[in-house]
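Worksheet: the structure to be examined is printed underneath.
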Amino acid sequence: MPAPRTVLLTGAAGGLGTLMRELLPQYGYELRLFDMRPAEGAPDAIVGDLGDRDAVREAVRGVDAVVHLAGISLEASFEKILKANIEGTYNLYEAAREEGVRRIVFASSNHAVGYTPRPQGDDPLIPIDTPRRPDTFYGLSKCFGEDLAQLYWDKHGVETVSVRIGSCFPEPTSVRMLSVWMSPADGARLFHAALTAEGVGHTVVYGSSANTRLWWDLGSARALGYEPEDDSEIFAEKLLAEQGELDPADPAHACLGGNFVTNPPIWPH
Ligand code: NAI
Ligand code: 15L
């Protein structure tokens with residue numbers, strides 16, 4: 001497969017989309033932007049809804065690959081999740097199939113496995129093939145997305161790397177994030193590896209930096225050529241002084257998904 005050059009970035013107006021539209025062009029990509037909201041500072045961005053099949057098909061037409069970030073990124077009612085994340089992701093895959101787009105990088109989430117107990121002490125890292133344990137309807141929609149990706153590879157030859165992102169923000173803001181943080185620069189490194197690795201079929205990877213307190217195995221991400229350069233440990237002293245160590249007796253501290261297992265943040269719209 002020739003290396004992709006033109007890439008559709010869905011969710012371009014969101015937090016991660018805004019970071020990626022700054023960082024991905026340095027790898028030589030020409031980005032086409034798509035979001036239901038206008039993307040600040042990008043007047044050419046396509047404003048469209050994943051629910052609008054014609055708009056999605058037009059958006060993918062002619063691109064080499066898609067980085068699919070659009071969707072509800074927190075917990076919401078099942079009806080809202082169904083529309084944006086489940087039907088929306090289906091529309092995206094159908095459009096890719098129809099338009100012959102060969103590679104998608106899908107923003108899955110740690111919340112697909114959010115109820116998995118986090119490692120403690122000498123416990124081994126969580127493997128990528130750990131059973132799914134979604135912690136919310138949101139996490140469930142990411143399980144759907146991963147399975148949809150598998151179907152479209154097996155049946156239609158559309159390749160996907162599903163990235164179970166931890167927390168991708170400029171800095172970690174909680175003690176949990178010391179384990180699951182992915183720096184934006186490492187996020188761009190991982191997306192670039194996911195866009196360019198040969199023969200990925202459908203590959204599932206965890207997305208985080210090389211954190212000292214890492215909870216999961218980055219082996220399948222490294223196998224794509226991903227070499228993380230950042231470590232959240234530089235933020236540890238400050239965050240631990242403010243918040244203290246995680247309490248294993250608190251369910252929100254005992255599972256990968258953090259407070260999504262107890263008191264998930266709700267999508268505002
Ligand atoms: P965000 O909420 O800031 O951005 C999501 C974007 O998707 C928004 O700009 C929104 O307008 C757009 N969107 C929502 N529904 C849409 C629809 N029906 N049609 C078109 N656009 C729609 O979320 P963020 O943090 O940027 O995350 C991006 C993706 O990565 C999401 O899929 C999220 O689930 C996933 N993810 C993000 C993590 C993170 O740490 N930021 C962690 C794990 C997963
Ligand atoms: C996610 O999936 C969310 O989209 C993001 O906003 C963060 O909450 C992240 O997970 C996390 O687990 O920290």
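First listed ligand is number 1; within each ligand, the first listed atom is number 1. A quick note: this is a predicted structure, and the numbers were derived from the prediction, not measured.
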Open item on the list: Check this for me: does any side-chain nitrogen of one of R189 and E229 sit under 4.0 Å from a carboxylate oxygen of the other?
Closed with: yes

Task: Per-atom contacts of ligand 1 with G48, taking only distances under 4.0 Å to non-hydrogen atoms - done: 19 (N), 20 (C)

Open item on the list: I'd like to know if D54 pairs up with R57 as an ion pair, taking the criterion as any Lys NZ or Arg NE/NH1/NH2 lying under 4.0 Å from an Asp or Glu carboxylate oxygen.
Closed with: no

TODO: Give a yes or no on whether Q120 atom CD has more than 12 heavy-atom contacts from other residues, nucleotides or ligands under 6.0 Å away.
DONE: yes

Task: Mutual orientation of the aromatic rings belonging to Y90 and Y152 [parallel < 30°, tilted 30-60°, perpendicular > 60°] - done: perpendicular

Open item on the list: Could you check, using the six-membered ring where one of them is a Trp, whether F235 and W181 have ring centers closer than 6.0 angstrom?
Closed with: yes

Task: atom 3 (C) of ligand 2: the protein heavy-atom neighbour that sits closest, reported with distance to 0.1 Å - done: S73 O, 3.1 Å

Open item on the list: Starting from atom 2 (O) of ligand 2, what is the nearest protein heavy atom, named by residue and atom, and what distance separates them?
Closed with: Y138 OH, 2.6 Å

TODO: Among all protein heavy atoms, pick out the one at the shortest distance from atom 13 (O) of ligand 2; state its residue, atom name and that distance to 0.1 Å.
DONE: S167 OG, 2.5 Å

- [ ] For R132, look at atom CZ and say whether over 12 heavy atoms of other residues, nucleotides or ligands are found less than 6.0 Å away.
- [x] yes

Open item on the list: For F78 and F137, take the angle between the two ring planes, folded into 0 to 90°, and tell me which bin it lands in: parallel under 30, tilted 30 to 60, perpendicular over 60.
Closed with: perpendicular

Open item on the list: Is there a polar contact between ligand 1 and F169, counting only N or O atoms under 3.5 Å apart?
Closed with: no

Task: Proximal ligand 1 atoms for G166, defined as those under 4.0 Å from one of its heavy atoms - done: 40 (O), 42 (C), 43 (C)

Open item on the list: Regarding atom 5 (C) of ligand 1: of the candidates G71, C168, S73, which has the closest heavy atom?
Closed with: G71

Task: Under 4.0 Å to a heavy atom of A13 - the qualifying atoms of ligand 1, by number - done: 9 (O)

TODO: Report yes if G14 has an N/O atom closer than 3.5 Å to an N/O atom of ligand 1; otherwise report no.
DONE: yes

Task: Atom indices of ligand 2 within 4.0 angstrom of G166 heavy atoms, with elements - done: 9 (C), 10 (O), 11 (C), 12 (O), 13 (O)

Task: Exercise: do E146 and S108 side chains pair donor with acceptor under 3.5 Å - done: yes

- [ ] Using distance alone, determine whether W267 and ligand 1 share an N or O pair under 3.5 Å.
- [x] no

- [ ] Check each heavy atom of L74 against ligand 2 and say whether those closer than 4.0 Å belong to the side chain, the backbone, both or neither.
- [x] side chain

- [ ] Under 4.0 Å from a heavy atom of S108: give me the atoms of ligand 1 that qualify, with their elements.
- [x] 43 (C), 44 (C)

Task: Backbone or side-chain N or O of S167 under 3.5 Å from ligand 1 N or O - done: no

Task: N211 (side chain) donor-acceptor with S232 (main chain) under 3.5 angstrom - done: yes

Open item on the list: For ligand 1, which is the ligand I care about here, please tell me if G11 has any N or O atom under 3.5 Å from one of the ligand's N or O atoms.
Closed with: no

Open item on the list: I'd like to check which ligand 2 atoms, numbered from 1 as shown, lie under 4.0 Å from a non-hydrogen atom of S109.
Closed with: 1 (C), 2 (O)

Task: Sub-4.0 Å atoms of ligand 2 with respect to non-hydrogen atoms of N110 - done: 10 (O), 11 (C), 12 (O)

- [ ] Kindly confirm or rule out an N or O of G15 lying under 3.5 angstrom from an N or O of ligand 1.
- [x] yes

TODO: Keeping the roles fixed (side chain from E58, backbone from A55), state whether a donor-acceptor pair exists under 3.5 Å.
DONE: no

Let me check something: any side-chain donor-acceptor pairs from residues 247-255 under 3.5 Å, sequence neighbours excluded? List them with distances.
| from | atom 1 | to | atom 2 | distance (Å) |
| --- | --- | --- | --- | --- |
| D247 | OD1 | A249 | N | 2.9 |
| D250 | OD1 | A252 | N | 2.9 |
| H253 | ND1 | D247 | N | 2.8 |

Open item on the list: Polar contacts were defined as any N/O atom of the residue lying under 3.5 Å from an N/O atom of the ligand; does this apply to A70 and ligand 1?
Closed with: no

TODO: Would you confirm whether N259, through its side chain, and P264, through its main-chain N or O, come within 3.5 Å as a donor-acceptor pair?
DONE: no

TODO: Looking only at distances, please establish whether an N/O atom of ligand 1 is found under 3.5 Å from an N/O atom of Y138.
DONE: yes

Open item on the list: Can you confirm if the aromatic rings of H192 and Y29 lie within a centre distance of less than 6.0 Å?
Closed with: yes

Open item on the list: One residue to check: K83. Relative to ligand 1, which of side chain, backbone, both or neither has a non-hydrogen atom less than 4.0 Å away?
Closed with: neither

Task: L69 N/O under 3.5 Å from ligand 1 N/O - done: yes

TODO: Check each atom of ligand 2 against the heavy atoms of R176 and keep those under 4.0 Å away; list them by number with element.
DONE: 11 (C), 12 (O), 13 (O)

- [ ] Find all atoms of ligand 2 within a distance of less than 4.0 Å from any non-hydrogen atom belonging to F260, and give their numbers and elements.
- [x] 8 (O)

Task: Atoms of ligand 2 close to H111 [distance to a heavy atom under 4.0 angstrom, numbered from 1] - done: 1 (C), 2 (O), 9 (C), 10 (O), 11 (C), 12 (O)

Open item on the list: Using a 4.0 Å heavy-atom cut-off, which part of W267 comes near ligand 2: side chain, backbone, both, or neither?
Closed with: neither

TODO: Answer yes or no: does an N/O atom from N110 fall short of 3.5 Å to an N/O atom of ligand 1?
DONE: no

- [ ] In sequence, state the C-alpha distance, the side-chain angles, and the governing distance for F106 and T89, and then conclude on side-chain contact (heavy atoms from CB on, under 4.5 Å).
- [x] CA-CA 9 Å; F106 169 58; T89 301; 4.3 Å; yes

TODO: For atom CD of E242, decide whether the heavy atoms of other residues, nucleotides or ligands shown that lie under 6.0 angstrom number more than 12.
DONE: yes

